[in-house]
Structure formats: C-alpha cells, structure tokens
Amino acid sequence: MTAVVPAHIAVNGVRYAVRSWGSESPLVLQHGFTGSSALWTVHAKAWAAHWRVVAIDLLGHGASEVAIDAARYAMAPTVADVAGLLDALGIERCALLGYSLGGRVALAFALEQPRRVAALILESASPGVAAADERAARAAADEQLAARLERDGISAFVEGWMAQPLFATQARLAASRRAAARAQRLANSAAGLAASLRGLGTG
C-alpha cells in the first residue's frame with residue numbers, strides 16, 4: 001500500500017488534513033506533538049485489512065491549517081473539531097487511538113462524547129497536570145519551547161527535541177526509519193507547533 005495523500009476538510013472555520021485507508025469499521029488515529037497523519041502509514045498497511053483507518057493531522061501539524069490564535073488550539077475547540085470531522089466523514093461511532101498529545105485529545109473526546117467511542121486506545125498519554133503549581137511550571141516550560149521554535153526555526157527545534165532521553169531507544173532503528181521520522185517532523189511549521197504548545201500543552 002502506498003502513502004495516501006491527505007484530503008482537506010473544513011470544520012469550524014479551519015481546514016484539517018485527513019488520510020484514510022480501508023473500508024471496514026472506523027479506527028481514528030491521532031498523532032503526538034511534532035507528528036502528523038504520515039506517522040501512521042506503516043501501521044495502516046496492516047490495519048486497513050480490518051478497519052477503515054482515518055488519521056487526522058491535528059491543528060498546526062502536518063498539512064492541517066496553522067491558526068495563529070493559540071486559543072483556537074485549546075481542548076474544547078479541538079474536541080469540537082474532532083466531532084465535526086467525524087460528522088463530515090459520516091462516522092457516527094469509532095475506535096479511537098491517540099498517542100501522547102493525540103491521546104490527551106482522544107481522552108477528552110471520549111469523556112465529552114462517550115457514545116461516539118466504541119473503544120479507546122491511549123499510548124503514552126496523560127490527562128494533564130493536576131496540581132496548579134506544577135501546571136503553571138509546565139505552561140512556562142511550554143512557552144519557552146514555543147519561543148525557541150519561533151526564534152530558532154523548525155530544524156533546530158527538531159534536533160533538540162529528538163535529542164531528549166525519551167527518544168534514546170530510537171537509535172536502534174534503521175537509519176532509513178530515523179530519517180523518515182525526522183523528515184516528517186521537519187514538515188511541520190514552527191508557527192503551528194508553537195501555537196499548539198501554547199493552546200494545547202499539558203500545562
């Protein structure tokens with residue numbers, strides 16, 4: 001199966017990019033921060049035999065629109081956007097899989113619209129930070145990251161992001177896989193990622 005070119009769907013005043021494979025029961029995928037729907041291409045090759053796989057580029061990521069107002073990235077409008085995308089795709093109920101940032105969105109969507117979620121799969125996802133002081137510290141750290149993105153650009157940011165201990169095990173991947181992951185992250189825009197950090201960060 002070759003990579004699927006994303007289609008664009010307008011919902012609530014912004015344009016989202018969506019890739020889809022297969023034709024069975026719907027499985028909706030949401031990537032993590034610095035990711036995109038392209039992240040799921042390898043998985044979709046296996047899953048499309050059993051599912052209608054739909055992968056969303058979250059706002060500010062991949063080929064989706066870059067809205068400048070960080071408030072547009074907040075959880076409530078993001079959840080409303082996911083609902084609008086499902087409506088536009090004719091999906092009344094789905095299995096929902098989210099990784100990291102996408103997992104947090106998936107969890108919020110499941111809490112807000114439980115009848116639309118047949119199954120919920122979360123990978124490396126957190127509902128957020130409970131303590132007010134820790135939340136403020138995380139928001140400040142995210143603001144620093146957003147400012148670095150705007151100051152240094154996407155290439156320098158991705159280099160620093162991938163150097164985190166969190167990603168150390170990826171050194172065991174084939175060079176071609178690492179290069180593909182890096183290229184996918186570099187395809188994002190600095191403005192989109194910065195706005196995502198400010199509007200939808202864990203803090």
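Just so you know, these numbers use all the heavy atoms, side chains as well, and skip hydrogens, waters and symmetry mates.
Taking each heavy atom of Ala108 and Val79 in turn, the nearest pair found is CB-CG2, 3.8 Å. Minimum heavy-atom separation, Ala118 to Ala95: CB-N, 4.4 Å. When all heavy atoms of Ala17 and Pro6 are compared, the closest pair comes out as CB-CB, 3.9 Å. Looking at every heavy atom in both residues, Val53 comes nearest to Trp47 through CG2-CB, 3.8 Å. Taking each heavy atom of Tyr16 and Ser64 in turn, the nearest pair found is CA-OG, 3.3 Å. Of all heavy-atom pairs spanning Val66 and Ser189, the tightest one is CG2-OG, 3.4 Å.
Between the side chain of Glu123 and the backbone N or O of Tyr99 there is no donor-acceptor pair closer than 3.5 Å. Counting only distance, with no hydrogens or angles, the side chain of Gln30 and the backbone of Gly98 share no donor-acceptor pair below 3.5 Å. Thr78 contributes a side-chain N or O that, together with a main-chain N or O of Ala74, makes up a donor-acceptor pair within less than 3.5 Å. Judged by distance alone, the side chain of Gln184 and the main-chain N or O of Thr34 form a donor-acceptor pair under 3.5 Å. A side-chain donor-acceptor contact under 3.5 Å links Arg135 to the backbone of Val129. Side-chain atoms of Tyr73 come within 3.5 Å of backbone atoms of Ala67 as a donor-acceptor pair (strictly under, hydrogens ignored).
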For side chain to side chain contact (heavy atoms under 4.5 Å, CB included), just list the numbers for Leu197 and Leu149, CA-CA rounded to whole Å, side-chain angles, deciding distance to a tenth of an Å, and then say yes or no.
-> CA-CA 10 Å; Leu197 280 166; Leu149 265 161; 3.9 Å; yes

Checking side chain to side chain contact (heavy atoms under 4.5 Å, CB included) for the pair Met75/Arg104: CA distance, chi angles, key distance, verdict?
-> CA-CA 9 Å; Met75 188 61 77; Arg104 196 158 67 252; 3.9 Å; yes

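Note on Arg138 versus Asp133: no salt bridge recorded, every NZ/NE/NH1/NH2 to OD/OE distance being 4.0 Å or above. The pair Arg115-Glu92 fails the salt-bridge criterion, with no side-chain N (NZ, NE, NH1 or NH2) lying under 4.0 Å from an Asp/Glu carboxylate O.
Val14 places a side-chain heavy atom less than 4.5 Å from the side chain of Arg72. Looking only at side-chain heavy atoms (C-beta outward), Asp87 and Val11 stay at 4.5 Å or farther from each other. When side chains are defined from C-beta on, His50 does not count as touching Leu27, because their heavy atoms never get closer than 4.5 Å. Counting heavy atoms from C-beta on, the side chains of Ser196 and Leu101 come closer than 4.5 Å. Between Trp21 and Arg52, the closest side-chain pair of non-hydrogen atoms is not below 4.5 Å. Contact annotation: the side chain of Leu86 approaches that of Cys94 to within less than 4.5 Å [non-hydrogen atoms, C-beta and beyond]. Here the side chains of Ile9 and Arg15 are not in contact, with every heavy-atom distance at 4.5 Å or above.
By the neighbour-count criterion of 12 heavy atoms within 6.0 Å, atom NE2 of His8 is densely surrounded, having more than that number from other residues, nucleotides or ligands. By the neighbour-count criterion of 12 heavy atoms within 6.0 Å, atom CD of Gln113 is densely surrounded, having more than that number from other residues, nucleotides or ligands. Remark: Arg151 CZ is packed, more than 12 non-hydrogen atoms of other residues, nucleotides or ligands lying under 6.0 Å away.
With values rounded to the nearest 0.5 angstrom, Ile154 atom CD1 is found 6.5 Å from Leu186 atom CG. Expressed to the nearest 0.5 Å, how far CG of Leu122 lies from OG of Ser100 amounts to 11.0 Å. Taking CD from Gln170 and CG from Leu173, the interatomic distance works out to 5.5 Å, rounded to the nearest 0.5 Å. Between the CD1 atom of Ile56 and the OG atom of Ser20 there is a distance of 11.0 Å, given to the nearest 0.5 Å. Atom CG of Leu59 sits about 6.5 Å away from atom CG of Asp81, to the nearest 0.5 Å. Note that NE2 of His31 is 5.0 Å distant from CG of Asp57, once rounded to the nearest 0.5 Å.
The aromatic rings of Phe33 and His61 sit perpendicular to each other, their planes meeting at more than 60°, with 30° as the lower class boundary. Ring pair Phe157/Trp161 is parallel by interplanar angle, where below 30° counts as parallel and above 60° as perpendicular.
For the pair Arg185 and Phe167, the cation-pi criterion (under 6.0 Å, within 45° of the ring axis) is fulfilled.
Linking Ile, Leu, Val, Met, Phe, Trp and Tyr whenever their side-chain heavy atoms come within less than 4.5 Å puts Leu111 and Phe109 in one cluster.
Each of Ile91, Leu96, Leu29 was evaluated against Val54; a single residue qualifies, Ile91, per the side-chain contact (heavy atoms from CB on, under 4.5 Å) test.
Evaluation of the side chain to side chain donor-acceptor pair (under 3.5 Å) rule for Glu150 yields Arg198 as partners, not counting sequence neighbours.
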